[in-house]
Structures are given as structure tokens and as C-alpha cells.
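These numbers come from the heavy atoms of this one structure, side chains and all, not from hydrogens, waters or symmetry mates.
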Amino acid sequence: MLSGRSKQLKVLVVEDEVFVRLMAVDAIEEAGFCAVEASDADEAITVLEDRSDIDVVFSDIKMPGSIDGLALADAIKHRWPHIFTILTSGHLTMPDLPPGTTFLQKPYRATWLASSLEAIANA
């Protein structure tokens, strides 16, 4: 679907912890993708409503706000079905994910995130 566009892939990073968010943004940009930031799922919804160029949402599951990362992924599947989702969490059990959602266990390596994005870009 995004074949041949890997360098233009735009990734919305949704993470309430600033340091973790900045590390994810750095990893995404070092892999050659474009990163956009949101501090929680509510802000992410606003970004998605305002922009039509987001290809992937990479979100933490446990965050403050009116919805968590799982509810965000579910909203994306219903409102923006063309957007891919990658969720991450430091909890030991993997949650039930919306169909087509990728999961990265925290702490994840930058190379794992880059590989997930490359797979999406080359799908």
C-alpha cells in the first residue's frame, strides 16, 4: 500500500513521557521517516483530525487522558482505516489488540521500531 514511499512515511508518536517520546522520534527520524508528536491520545485525535498525511500511529498503551492507547487504536481503525497502528507497553501481558495492530514490548530497541516501520512502508 505504501510501497516505494518509505522515506515519506509520516509517523505520529503518542507518548506521555517526554524522554521516551523524544527517543522514539529520534529512532524514527534516524530510520529515515518523518515524526510528528502528541503527548496523549486526545492530542493524537486532534492531530489526526487536522492532518491527512499521517501513515502510522506509534502509541504507548497506558497514558493519561480520556482514552488510552488501545482505545486510540480502535478509534483509528474505525475513523482512519488506512492508518497503521503500532502499540507499545511495558506491562508483561500483551493486550487484545485491534486487528492489524503491531505490538512492541517496552523496552524496545530502535531497530525493532525501524523494522516495523520498514515492513509497513514496503507492504
Side-chain angles (χ1 to χ4, degrees):
M1 185 152 128
L2 298 172
S3 184
R5 293 185 44 214
S6 63
K7 296 307 175 195
Q8 292 92 19
L9 196 69
K10 289 197 175 40
V11 182
L12 175 58
V13 179
V14 188
E15 171 65 61
D16 61 307
E17 299 212 19
V18 176
F19 183 67
V20 176
R21 186 171 64 240
L22 292 175
M23 287 190 330
V25 166
D26 285 346
I28 289 164
E29 291 177 346
E30 285 178 18
F33 304 106
C34 178
V36 178
E37 299 177 49
S39 60
D40 60 33
D42 298 313
E43 185 180 354
I45 293 289
T46 300
V47 170
L48 292 170
E49 289 173 341
D50 291 344
R51 297 182 65 146
S52 61
D53 62 341
I54 302 298
D55 302 301
V56 179
V57 172
F58 176 57
S59 178
D60 190 14
I61 291 176
K62 188 173 168 96
M63 294 180 289
S66 66
I67 62 173
D68 65 8
L70 284 171
L72 174 62
D74 192 52
I76 289 167
K77 289 301 172 202
H78 288 95
R79 294 181 64 184
W80 300 279
H82 64 282
I83 296 177
F84 292 87
T85 53
I86 302 172
L87 295 179
T88 187
S89 179
H91 295 278
L92 296 177
T93 59
M94 190 164 121
D96 290 331
L97 301 174
T101 301
T102 301
F103 181 77
L104 288 179
Q105 180 74 41
K106 282 184 178 179
Y108 56 85
R109 294 178 185 235
T111 55
W112 299 348
L113 177 55
S115 293
S116 295
L117 292 172
E118 283 292 337
I120 289 169
N122 294 319

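Judged as a side-chain hydrogen bond (donor to acceptor under 3.5 Å, both in side chains), and not counting sequence neighbours, the contacts of Thr101 are Thr85. Evaluation of the side chain to side chain contact (heavy atoms under 4.5 Å, CB included) rule for Ala110 yields Ala27 as partners, not counting sequence neighbours. Partners of Ser59 according to the side-chain hydrogen bond (donor to acceptor under 3.5 Å, both in side chains) rule, which considers only residues two or more places apart in sequence or in another chain, do not exist here. Looking at residues two or more places apart in sequence or on another chain, you find no salt bridge (Lys or Arg N to Asp or Glu O under 4.0 Å) involving Lys77. In this structure, the salt bridge (Lys or Arg N to Asp or Glu O under 4.0 Å) partners of Glu49, at least two apart in sequence or on a different chain, are Arg79.
From Leu12, atom CG reaches atom CD1 of Ile28 across 9.0 Å, with rounding to the nearest 0.5 Å. Remark: Ile76 CD1 to Leu87 CG distance equals 8.0 Å, nearest 0.5 Å. If you take CG on Leu22 and CD on Glu29, they are separated by 10.0 Å, rounding to the nearest 0.5 Å. Here Ser116 contributes atom OG and Tyr108 contributes atom OH; the two are 10.5 Å apart, rounded to the nearest 0.5 Å. Taken from CG in Leu9 to CZ in Phe84, the straight-line distance is 9.0 Å, to the nearest 0.5 Å. With values rounded to the nearest 0.5 angstrom, Glu30 atom CD is found 11.5 Å from Met23 atom CE.
Between Leu48 and Ile83, the closest side-chain pair of non-hydrogen atoms falls below 4.5 Å. Annotation: side chain of Leu113 is in contact with side chain of Phe58 (closest heavy-atom distance under 4.5 Å). Counting only heavy atoms from C-beta outward, the side chains of Met63 and Val14 approach each other to under 4.5 Å. Side-chain contact check for Asp55 versus Ile120: every heavy-atom pair is 4.5 Å or farther apart. Counting heavy atoms from C-beta outward, Trp80 and Ile45 have side chains that approach closer than 4.5 Å.
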Only distances under 3.5 Å count here; give the side-chain donor-acceptor pairs of residues 33-43 to other protein atoms, sequence neighbours excluded, each with its distance to 0.1 Å.
from, atom 1, to, atom 2, distance (Å)
Glu37, OE1, Arg21, NE, 3.0
Ser39, OG, Glu43, OE1, 2.7
Asp40, OD1, Asp42, N, 3.1
Asp40, OD1, Glu43, N, 2.8
Asp42, OD1, Ser66, OG, 2.4
Asp42, OD2, Ser66, N, 3.0
Asp42, OD2, Ser66, OG, 3.4
Glu43, OE1, Ser39, N, 2.8

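The backbone N or O of Leu70 lies less than 3.5 Å from no partner atom in the side chain of Asp74, so there is not a single donor-acceptor pair.
Pairs passing the salt bridge (charged side-chain N to carboxylate O under 4.0 Å, His left out) check and including a residue from residues 103-117, sequence neighbours excluded, read Glu15-Lys106, Asp60-Lys106.
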